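Okay, so here's the structure we're looking at.
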Amino acid sequence: MKKIDNYTDGKIVKGSSSNYIPVHNPATGEIISEVIQSDTKDFENTVTSSVKAFENWSQVTPLKRSRIISKYKELIEKDIESLAKLVSLEHGKTLDDAKGSVTRGLEVVEFACGIPHLLKGEFSQNVGTDIDSWSVRQPLGVTAGITPFNFPAMVPMWMYPISIACGNSFILKPSEKDPSCSLRLAELFSEAGLPDGVFNVLNGDKNSVNLILSDKRIHSISFVGSTPVAKYIYETAAKNGKRVQALGGAKNHLVVMPDANLDQAVDGIMGAAYGSAGERCMAVSVAVAVGEIADKMIENISNKAESLKVAPWTDSSAQMGPVISKEHKEKIENYIDLGVKEGAKLVLDGRNLKIQGYENGYFVGPTLFDKVTKGMKIYKEEIFGPVLSVVRANNYDEALKLVNDHAFGNGTSIYTSDGELSRHFTTNCKIGMVGVNVPIPVPMAFHSFGGWKQSLFGDHSMHGVEGVRFFTKLKTVTSRWPKSIAKGPEFKMPTN
Ligand code: NAD
């Protein structure tokens, strides 16, 4: 059985732990490899290497760091096909979708190439007579990231390129469900000239996370995953004196107004609800149909979803692959059972889907519920599968209230041809990322990604300028030259 170990000091190293966690191919259900469950010795090796690497790396000029990152960008571009295959093999998403996700991560690498510009400080001449003042941003030290299964390339790349560009060293703890892509990304960074130990990968599950959270030598935690774990990470890391950004789960609403272009709205909903089998934190899991548009909208979604091609990633015509695990498939199917019990109308049932030749794969078909109401668990909780709930609202105010009253606040979108109404929506919705006639409003690398409410714990979103702020400490210097110093001590607060 293939063993997946850690990446420490510029190479893959066999760990000291003898415990390994099985990694599955979700399309077949087979165990394809095993990933190390790092023990305290593996952790110690990783942190020691990261602490040492930081000393030199933080002294390398931003321009030289940028040149290495630029080279890294080229290497990822050359390797994109094989990186995407690693994602598809262990995650199950279609190859095109996997390639798209690597590209979105690559855009953060591109952004990080501009680090000399991004780290430019502020300067004020004569803040007092003959006194100048300037602010600089300095790196934190050893930083760490803990990432989810659903974007094994893109989500880590929201974090480490910026942290490393800022002069930090970075320890990545990838999801134990699909760890291979991270190791390849680390190898490519070394090939680009990154000094050993600046980027280490420590594999394992929550035990490795707990070691990271309690170690004083690690100064910040970037987390992306489910809300209960995000909350735990935020509280524990903050208690241990670390800076934290912890992104959680979602229940994204897409509002369709009666004046929307229905074909566009339905196409948008199809990709956003069923793409990547609904396992995206920006997936649309609730469509709010306003007024008389509901019946036609549901009929159109149902017709399209019925003919959606569900197949393994090796089939180039696949539009949707399996979900991540047997347990997750069962969880999704239990939610479908629950929706029926709660009284929602099951228009399309994705349970018991069997794909010929892949009978043991973790496939769930596209599922559509109508007449979902806000008291139902299938409305309140994140299902994270290809299950779309349609809620009917009488008017815009009711739709906006649904969006704002929901516990999650990651993304939302409105389809309408009314500019004034869309402006009201973007201004008044209590959500971090908002779209107008765009189904999945994921910000580009040079903006920042992050939700509100139960979707983000901490003060900083990821990447963009927010990322640079998160991964640096602000220092402000006030200075004058000795000859200009006034004679004698001053006991009052200086005011000029
Ligand atoms: P998860 O919370 O189960 O795991 C995320 C990471 O935390 C993994 O590395 C895992 O090993 C670790 N972990 C799991 N349980 C832990 C525990 N008890 N203590 C400490 N560490 C623990 O999430 P997942 O199932 O891998 O990913 C899916 C979730 O991630 C969904 O809820 C999805 O909405 C969310 N997500 C959010 C965003 C966002 O930007 N807000 C992006 C992608 C995914």
Side-chain angles (χ1 to χ4, degrees), residues 21 23 26 35-38 87 90-93 101 104-105 108 144-159 171-179 181-182 201-214 221-237 240 244-252 276-285 323-325 327-329 331-332 335 362 381-385 407-412 431-433 440-443 448-458 460-464 466-467:
I21 306 162
V23 177
V35 61
I36 191 164
Q37 169 64 280
S38 297
V87 171
E90 292 177 354
H91 176 280
K93 64 178 78 179
S101 74
R104 294 309 295 263
V108 182
I146 298 149
T147 51
F149 77 81
N150 67 325
F151 284 109
M154 182 184 82
V155 169
M157 288 160 98
W158 285 353
M159 307 169 179
I171 299 171
L172 173 64
K173 204 302 281 172
S175 169
E176 63 277 24
K177 298 193 175 100
D178 43 18
C181 193
S182 298
V201 181
L202 178 80
N203 278 308
D205 61 11
K206 61 183 177 188
N207 297 316
S208 313
V209 174
N210 285 331
L211 292 170
I212 291 172
L213 294 182
S214 58
I221 305 290
S222 302
F223 173 85
V224 177
S226 59
T227 287
V229 182
K231 201 158 177 279
Y232 165 75
I233 299 272
Y234 177 67
E235 289 169 359
T236 313
N240 289 328
V244 201
Q245 48 179 186
L247 276 58
K251 195 84 179 175
N252 306 310
S276 198
E279 291 174 326
R280 291 180 181 141
C281 65
M282 287 293 274
V284 165
S285 46
V323 300
I324 188 69
S325 65
E327 296 71 31
H328 195 52
K329 174 178 154 76
K331 183 177 155 190
I332 296 166
Y335 268 114
Y362 312 135
E381 296 174 9
E382 182 183 44
I383 299 173
F384 217 55
F408 293 109
N410 217 37
T412 190
I431 302 286
M433 294 171 281
I440 309 186
V442 173
S448 299
F449 186 108
W452 289 12
K453 300 187 271 186
Q454 293 292 300
S455 299
L456 190 151
F457 301 87
H460 292 275
S461 298
M462 290 204 177
H463 62 69
E466 283 275 287

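The structure presented is a predicted model; accordingly, all values stated were derived computationally and were not measured. All values below were derived from every heavy atom in this structure, side-chain atoms included, with hydrogens, water molecules and symmetry-related copies excluded. We count ligands from 1, going down the list as the structure has it; atoms in each ligand are counted the same way.
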Notebook entry, point to check: At what distance is the nearest protein heavy atom to atom 15 (N) of ligand 1, and which residue and atom is it?
Noted result: V229 CG2, 3.7 Å
Notebook entry, point to check: Counting each atom of ligand 1 from 1 as listed, which ones have a heavy atom of V209 under 4.0 Å away?
Noted result: 20 (C), 21 (N)
Notebook entry, point to check: Parallel, tilted or perpendicular: which describes the rings of F149 and H91, with under 30° parallel and over 60° perpendicular?
Noted result: parallel
Note to self: Looking at E235 and K231, is any side-chain nitrogen of the basic one under 4.0 Å from a carboxylate oxygen of the acidic one?
What the structure shows: yes
Check: Sub-3.5 Å donor-acceptor pair from the side chain of N252 to the main-chain atoms of A283, do we have one?
Finding: yes
Margin query: I'd like to check which ligand 1 atoms, numbered from 1 as shown, lie under 4.0 Å from a non-hydrogen atom of N150.
Written below: 43 (C), 44 (C)
Note to self: Under a 4.0 angstrom heavy-atom cut-off, which atoms of ligand 1 come close to W158?
What the structure shows: 40 (O)
Item checked: Distance from atom 31 (C) of ligand 1 to nearest protein heavy atom, with residue and atom -> E382 OE1, 3.5 Å
Item checked: Shortest protein heavy-atom distance from atom 26 (O) of ligand 1, along with the residue and atom involved -> F149 N, 3.0 Å
Notebook entry, point to check: Would you say atom 2 (O) of ligand 1 has a protein heavy atom nearer than 4.0 Å?
Noted result: yes
Next item on the list: Could you see which bit of T147 sits under 4.0 Å from ligand 1, with heavy atoms only: side chain, backbone, both or neither?
Entry: backbone
Check: Counting from 1, what ligand 1 atoms have a heavy atom of I146 closer than 4.0 Å?
Finding: 6 (C), 7 (O), 9 (O)
Checklist line | Residue and atom name of the nearest protein heavy atom (relative to atom 36 (N) of ligand 1), distance in Å to one decimal | finding: C281 CB, 3.6 Å
Checklist line | D205 side chain to Q37 side chain, donor-acceptor N/O pair below 3.5 angstrom | finding: yes
Notebook entry, point to check: Rounded to the nearest 0.5 Å, how far does OG of S285 lie from CD of E381?
Noted result: 12.0 Å
Next item on the list: Determine the minimum heavy-atom distance between V323 and A277, stating which atoms define it.
Entry: CG1-CB, 4.0 Å
Check: What atoms in ligand 1 come closer than 4.0 Å to a heavy atom of K173?
Finding: 8 (C), 9 (O), 10 (C), 11 (O)
Notebook entry, point to check: Per the side-chain contact (heavy atoms from CB on, under 4.5 Å) rule, which among K329, E327, H328 passes with Y362?
Noted result: K329
Check: atom 7 (O) of ligand 1: which protein heavy atom is closest, and how many Å away?
Finding: F223 CE1, 3.3 Å
Checklist line | Region of E176 that comes within reach of ligand 1 [heavy atoms, distance under 4.0 Å] | finding: side chain
Check: Which bit of F408 is near ligand 1, meaning a heavy atom under 4.0 Å away: side chain, backbone, both or neither?
Finding: neither
Next item on the list: Provide, to 0.1 Å, the distance between atom 28 (C) of ligand 1 and the closest protein heavy atom, together with that atom's residue and name.
Entry: F384 CE2, 3.6 Å
Check: Looking at atom 40 (O) of ligand 1, what's its closest protein heavy atom, distance included?
Finding: F449 CE2, 3.0 Å
Check: Is the closest side-chain donor-acceptor distance between S222 and Q245 under 3.5 Å?
Finding: yes
Next item on the list: From atom 37 (C) of ligand 1, work out which of S226, G249, G248 has a heavy atom at the shortest distance.
Entry: G248
Next item on the list: List the atom of F449, the atom of C281, and the distance in Å for their closest heavy-atom pair.
Entry: CZ-SG, 3.8 Å
Checklist line | Protein contact to atom 17 (C) of ligand 1 [nearest heavy atom, distance to 0.1 Å] | finding: K206 CB, 3.5 Å
Check: Side chain of T227, backbone of G248: donor and acceptor closer than 3.5 Å?
Finding: no
Next item on the list: Taking only heavy atoms of V224 into account, list the atoms of ligand 1 that are under 4.0 Å away from them.
Entry: 5 (C), 36 (N), 37 (C), 38 (C), 39 (C), 40 (O), 42 (C), 43 (C), 44 (C)
Note to self: Within the structure provided, determine whether L456 and S461 are in side-chain contact (heavy-atom separation under 4.5 Å).
What the structure shows: yes
Notebook entry, point to check: Relative to the heavy atoms of N410, which atoms of ligand 1 are at a distance of less than 4.0 Å?
Noted result: 41 (N)
Notebook entry, point to check: Closest heavy-atom contact between L172 and P174?
Noted result: O-CD, 3.4 Å
